[in-house]
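For the numbers below, each heavy atom of this structure counts, side chains included, while hydrogens, waters and symmetry mates do not. Residue numbers start at 1 and run along the sequence shown. Ligands are counted one by one from 1 in listed order, and the atoms in each one are counted from 1 as well.
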Amino acid sequence: MNEFERIEHWTKSLNQKDESIKVPIGDDCALVESGGLKLLLSNDEQIEGHHFKRHFPPKGVGFKLIASNVSDIYACGGTPLWVNLAIALPPELPEGWMLSFYEGVSSACERFKLSITGGNTAASDTLSLGAFIVGRCDRFIARRGAKPDERLMLTGPLGESRAGLEHLLAERAIQSETDNAVVKSHLYPDLPSKLVAFIAEHATSAIDISDGLAGDLGHLMAQSGVGFLIEEPEALYSPHLLEYCRQDGKRALKYALFGGEDYQIAFTLPESQVKKAQSLGASLIGRATDTQKLQIHGPKEALELPAKGFVHF
Ligand code: ADP
Ligand code: MG
C-alpha cells in the first residue's frame, strides 16, 4: 500500500456524520463551515533527518514550515489566518537553534500575514516541528473539477527547491548566484500570493506542488477524472535550475517532475481566462485531456508517465 492507500485504510473506521465538514480528507485542506464562515484546515511538519539536517539554517526551517502550511491554504484559493505549532525537541538542542527557528517563523508570519495562536512543546528523541493552520475562503477550489480541454497553468517554475536541498545535503559552500538562488528557493519558498485571488475566482481545480509535479498532477487526475498533456515543458524551468543542471550534468525535466517542495500551484482554467492568468505571472504549461495519462510532448522531449511523485514511505 502506498501512503494514500494507507491513509484511506486507517480512516475507514472514523464513520463520521458531521454536517459542518464540507470537504473531508483527500484535498489540500479540509473545508468546514460554521456560523456562515468557510474555514480551511491543514497541517504539515518538518522532521529532522527527513526534511532537514541539523546543519541547515534553523531560520529557513522555520520559514519553510509556515510556508508549507500556507501553501495548502493558497491551493484551495484561501487566505491564511492562524497557526498553532507542535514542537517536539531533544533536551540538548541549543537554545540558539530554536530562537533562530522562531525568527524564520516570524518572518513567514509577516510575509503571509498570519499569526501564531499557540502550540505545544514536548521532549522527544527526534526534533519535529509541526504546524496546524486555519484559513478562510469564499470559494473552495478543489482537486476535482478539471475538465478535458481546459488549460493547465503553473504559478512559477519548479525544481529549484530540490536542487537547493541537494546543495544543502552535500554541505557545499555557496559559490555562485545559482547556488544561492536554489538554496534560497528551498528554505524560503516564494509562494504565489499574488495569484491566489485570481485562482479563487477562476480556477476549476488546483493543487500545490509539494511532492513533485508528476505526483501532484496525479492527484488532480485521479480526483477530476482527466489526464494532462504538458506541451510547454520549457515553462517549468527557471534560468537558475537550467544553470544548476548544466553545471552538474543533470536533466531539468527530472527536477521539475519529481523534485518536491516548490510550493507553486498547478491549476486548470477555461481557455478564455489564460491571457489574464499570464498577465498576473502564471505560465501556460498544457491542457487537460480525456486520456487518464500524464503526457509530456514538447519541442525537445516527449514521454508518457505513470502518475507518481515523491512517495513518503
Ligand atoms: P498535502 O500534500 O496537500 O499536504 P497530504 O498528501 O499530506 O496532503 O494528505 C492528503 C490528504 O490526506 C489530506 O486531505 C490530509 O488531510 C489527509 N491525511 C493525511 N494524513 C492523514 C491521517 N493520518 N489521517 C487522516 N487524514 C490524513
Ligand atoms: Mg497540498
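By the 3.5 Å distance cut-off applied to N or O atoms, Asp27 is counted among the residues near ligand 1. Checked against a 3.5 angstrom limit, the closest N/O atoms of Asp211 and ligand 1 fall outside it. Considering both main-chain and side-chain atoms, Glu3 never comes within under 3.5 Å of ligand 1 through any nitrogen or oxygen pair. Residue Asp72 has at least one N or O atom closer than 3.5 Å to an N or O atom of ligand 1. By the 3.5 Å distance cut-off applied to N or O atoms, Gly26 is counted among the residues near ligand 1.
Using a 4.5 Å cut-off on side-chain heavy atoms (C-beta onward), Pro148 and Thr289 make no contact.
Of the options Asn180, Asp248, Val183, Thr178, a side-chain contact (heavy atoms from CB on, under 4.5 Å) to His167 is made by Val183 and by none of the others.
Grouping Ile, Leu, Val, Met, Phe, Trp and Tyr by side-chain contacts under 4.5 Å, direct or through others, puts Trp82 with Ile21, Val32, Leu37, Leu39, Leu41, Leu81, Phe132, Val134.
Partners of Glu166 under the side chain to side chain donor-acceptor pair (under 3.5 Å) rule, at least two apart in sequence or in another chain, are Tyr244, Tyr255. Under the rule for a ring-ring contact (aromatic ring centres under 6.0 Å, His included), Tyr102 has no partner lying at least two apart in sequence or in another chain.
At a heavy-atom cutoff of 4.0 Å, ligand 1 is contacted by the side chain of Arg143 but not by its backbone. The proximity of Thr11 to ligand 1, defined as any non-hydrogen pair under 4.0 Å, is limited to the side chain.
Contact annotation: Arg6 has no heavy atom less than 4.0 Å from any atom of ligand 1.
The atoms of ligand 1 that sit less than 4.0 Å from any heavy atom of Ile25 are 12 (O), 14 (O), 17 (C), 25 (C), 26 (N). Listed by atom number, the atoms of ligand 1 under 4.0 Å from Ser210 heavy atoms are 2 (O).
Counting only protein N, O or S atoms closer than 2.8 Å to the Mg ion (ligand 2) gives 3.
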